[in-house]
Amino acid sequence: MDSLISLVNRIQRACTLLGDHNADYASQSLWESLPSVAVVGGQSSGKSSVLESIVGRDFLPRGSGIVTRRPLVLQLHRIEERLQEYAEFLHLPKKRFTDFSMVRKEIEDETNRVTGKSNKISPVPIHLSIYSPNVVNLTLVDLPGLTKFAVEGQPESIVQDIESLIHSYVDKPNCLILAITPANQDVATSDAIKVSRQVDPAGERTFGVLTKIDLMDKGTNALDVLEGRSYRLRNPWVGIVNRSQEDINKNVDMIAARQREREFFATNPDYAHLASKMGSEYLARLLSKHLESVIRARIPGIASFITRSVDDLEAELAHLGRPVAIDAGAQLYTILELCRAFDRVFKEHLDGGRPGGDKIYIVFDYQLPAALRKIPLDRHLSLQNVRNVISEADGYQPHLIAPEQGYRRLLESSLNYFKGPAQASVDAVHFVLKELVRKSISETEELKRFPTLRSEIAVAAIEALERFREDGKKATLRLVEMESSYITVDFFRKLPQEVSDRGGNQASSSADGHFQRIGSNVLSYVGMVSETLRNTIPKAVVHCQVREAKRSLLDHFYAQLSQKEELQLAHLLDEDSVLMEKRQQCAKRLDLYKSARDEIDAVCWSG
């Protein structure tokens with residue numbers, strides 16, 4: 001049924017338009033799951049003539065050396081007799097060629113566009129579709145001719161390059177091989193048969209084509225090859241009579257050439273009994289029929305591949321997200337949903353669902369106590385410093401019993417040291433919260449589509465954290481200042497009182513002991529305050545920073561959103577161009593696969 005091959009042609013063409021296969025067919029794609037026919041042969045084996053005979057048109061470049069320097073994916077579409085035949089290139093989708101000499105020129109120009117006017121080859125294929133009433137539905141891939149050595153102007157790697165390119169096609173189990181061998185060459189040394197033997201040793205997907213039969217020496221024939229005695233294949237060998245160079249020079253019509261080919265086999269006594277199974281027309285029908293059977297046999301596998309691909313693409317499209325709404329209300333709703341998604345991730349970090357929140361506890365349990373221990377109270381309450389502070393506080397009149405003003409000065413100056421650790425705790429928690437905001441932004445999958453909104457949320461969140469930090473600093477500094485503002489008198493009343501001698505004069509050692517006791521008392525009181533602050537500073541930090549970050553991190557941003565115009569909301573939802581392109585390609589590919597699935601189902605049910 002021609003509809004199967006036409007279906008495959010349409011799917012392959014659509015795949016190519018979407019870039020669903022790469023230049024060397026290395027990816028597992030829908031394209032690779034579809035059968036095709038690769039034309040393989042040595043240089044000057046008659047490959048071009050065979051293709052032109054199948055098409056019935058003179059359209060391929062000719063010359064010496066490597067003429068085919070890029071794969072030519074040739075899709076043949078049979079149309080009604082009354083319609084004019086034409087050709088289309090995939091890279092020129094809106095241009096129809098009815099002059100086939102211009103097709104030849106375009107192949108040459110497009111080849112040179114990629115390879116330059118050198119003898120290098122390229123794996124990037126040229127895609128050509130021909131619509132004609134004189135063809136069967138068929139897809140052929142014309143590959144560069146095999147060569148045994150590089151000639152002048154060719155890279156040293158040309159032999160290996162051509163073989164690698166050919167193998168990138170024929171190694172695929174879905175690829176049929178059209179092995180072109182000239183009749184005046186021993187089949188055992190045929191380049192095409194050598195390749196076929198490597199990848200298809202049983203000859204199950206190889207079709208042997210023997211060209212130039214009419215040029216064999218008189219008294220010889222090709223029956224040993226054509227009847228499968230020289231080299232047996234599962235599929236029959238087909239003999240071809242190419243146009244001679246004189247015919248080509250005289251522009252002999254391909255239809256006339258086909259007629260002469262039929263006459264050659266019908267009238268030649270060696271081949272008359274095989275005439276019905278010889279010639280380019282029979283070859284085209286044979287390939288078309290076999291390709292149909294291969295496609296039909298592999299339809300279940302192709303359908304399964306397509307079904308899996310549809311599921312995968314639908315999942316990917318869901319992951320990429322639906323297209324952005326265009327009205328302001330829906331846009332605002334989308335933005336709020338995205339903000340809430342970020343907020344959920346951020347809270348998960350704080351509450352332990354995701355890593356990172358534990359670093360705040362480390363600030364309180366390790367960093368703050370360590371900072372409190374590092375306060376230089378030993379230096380500040382040294383004997384000399386205590387003596388100086390007490391003396392300065394007494395002025396010209398030394399204290400009588402207890403140096404009240406000196407005590408207060410020592411206490412206030414000592415407690416002032418706690419401001420540093422308090423602010424350091426605020427800053428450390430602020431840094432942790434900022435890092436959690438950055439992590440949450442990057443981990444919120446929904447935001448990856450919208451770089452502008454992602455940036456705005458990040459800025460708004462950091463600005464909110466800055467406000468919370470200022471509140472935290474005020475609160476913790478207030479705790480320290482409260483301790484300085486009111487001294488707990490009972491603490492000192494409970495201390496043992498110092499007794500002076502009758503004359504009011506103390507020896508030098510006794511004076512030192514007096515100042516040492518003062519320093520010790522102050523240190524004890526400061527230690528008590530340190531324990532208090534160790535517990536209250538974390539409370540203030542959590543209340544002002546962590547709690548507010550959980551409750552109102554984006555409140556200010558929400559207020560700003562309510563005042564934005566429709567264009568401003570749309571700007572926030574500007575998508576990442578890479579993701580937009582990815583979604584568009586994914587949607588197009590999904591449409592292709594669904595269409596292919598529906599067409600395959602329709603063909604199968606109609607069959």
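Nothing here was measured: the structure is a model prediction, and the numbers come from that model.
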If you look only at pairs with a residue in residues 205-224, which of them pass as a ring pair (Phe, Tyr, Trp, His ring centres under 6.0 Å), with sequence neighbours excluded? Phe207-His290
CG/Leu51 to CD1/Ile130 distance, rounded to the nearest 0.5 angstrom? 9.5 Å
Is Leu83 atom CG crowded by more than 12 heavy atoms from other residues, nucleotides or ligands, each under 6.0 Å away? yes
salt_bridge(Arg69, Glu108) N-O dist < 4.0 Å: no
With Leu453 as reference, evaluate Leu569, Asp574, Leu338, Thr334 under the side chain to side chain contact (heavy atoms under 4.5 Å, CB included) test and give the passing residue. Leu338
Does NZ or CZ of Arg104 come closer than 6.0 Å to the centre of the six-membered ring of Phe59, within 45° of the ring's axis? no
Tell me whether Lys94 is salt-bridged to Glu88, with the criterion being a basic N under 4.0 Å from an acidic carboxylate O. no
Does the distance from a Lys or Arg side-chain N to an Asp or Glu carboxylate O, for Arg583 and Glu316, drop under 4.0 Å? no
Below 4.0 angstrom, N of the basic side chain to O of the carboxylate: do Asp109 and Lys105 qualify? yes
Decide if atom CZ of Arg229 counts as having more than 12 heavy atoms of other residues, nucleotides or ligands within a radius under 6.0 Å. yes
Under 6.0 Å from the NE2 atom of His91, do we count more than 12 heavy atoms belonging to anything else shown? yes
Apply salt bridge (Lys or Arg N to Asp or Glu O under 4.0 Å) to the pair Glu445 and Lys448, showing each step before the final yes or no. CA-CA 6 Å; Glu445 291 294 328; Lys448 291 181 179 179; 3.0 Å; yes
Hey, are Lys95 and Glu106 close enough for a salt bridge, meaning a charged N less than 4.0 Å from a carboxylate O? no
Salt bridge Glu261-Arg258, side-chain N to carboxylate O under 4.0 Å: no
Can you confirm whether Glu156 is buried at CD, in the sense that more than 12 heavy atoms of other residues, nucleotides or ligands lie under 6.0 Å from that atom? no
Under a 4.0 Å threshold between the charged nitrogen and the carboxylate oxygen, would Asp191 count as salt-bridged to Lys148? yes
What is the distance from atom NE2 of His77 to atom OH of Tyr131, rounded to the nearest 0.5 Å? 4.0 Å
Rounded to the nearest 0.5 Å, how far apart are CG of Leu72 and CG of Leu60? 6.5 Å
Quick one: which residue pairs count as a salt bridge (Lys or Arg N to Asp or Glu O under 4.0 Å) with a foot in residues 122-143, not counting sequence neighbours? Lys47-Asp142
Would you compute the distance between atom CD1 of Ile299 and atom CD1 of Ile306 and round it to the nearest 0.5 angstrom? 7.5 Å
Separation of Ile240 CD1 from Leu283 CG (nearest 0.5 Å): 5.0 Å
Does the ring centre of Phe89 sit less than 6.0 Å away from the ring centre of Phe97? yes
Pairs flagged by salt bridge (Lys or Arg N to Asp or Glu O under 4.0 Å) wherever residues 197-209 is involved - sequence neighbours left out: Glu204-Arg234
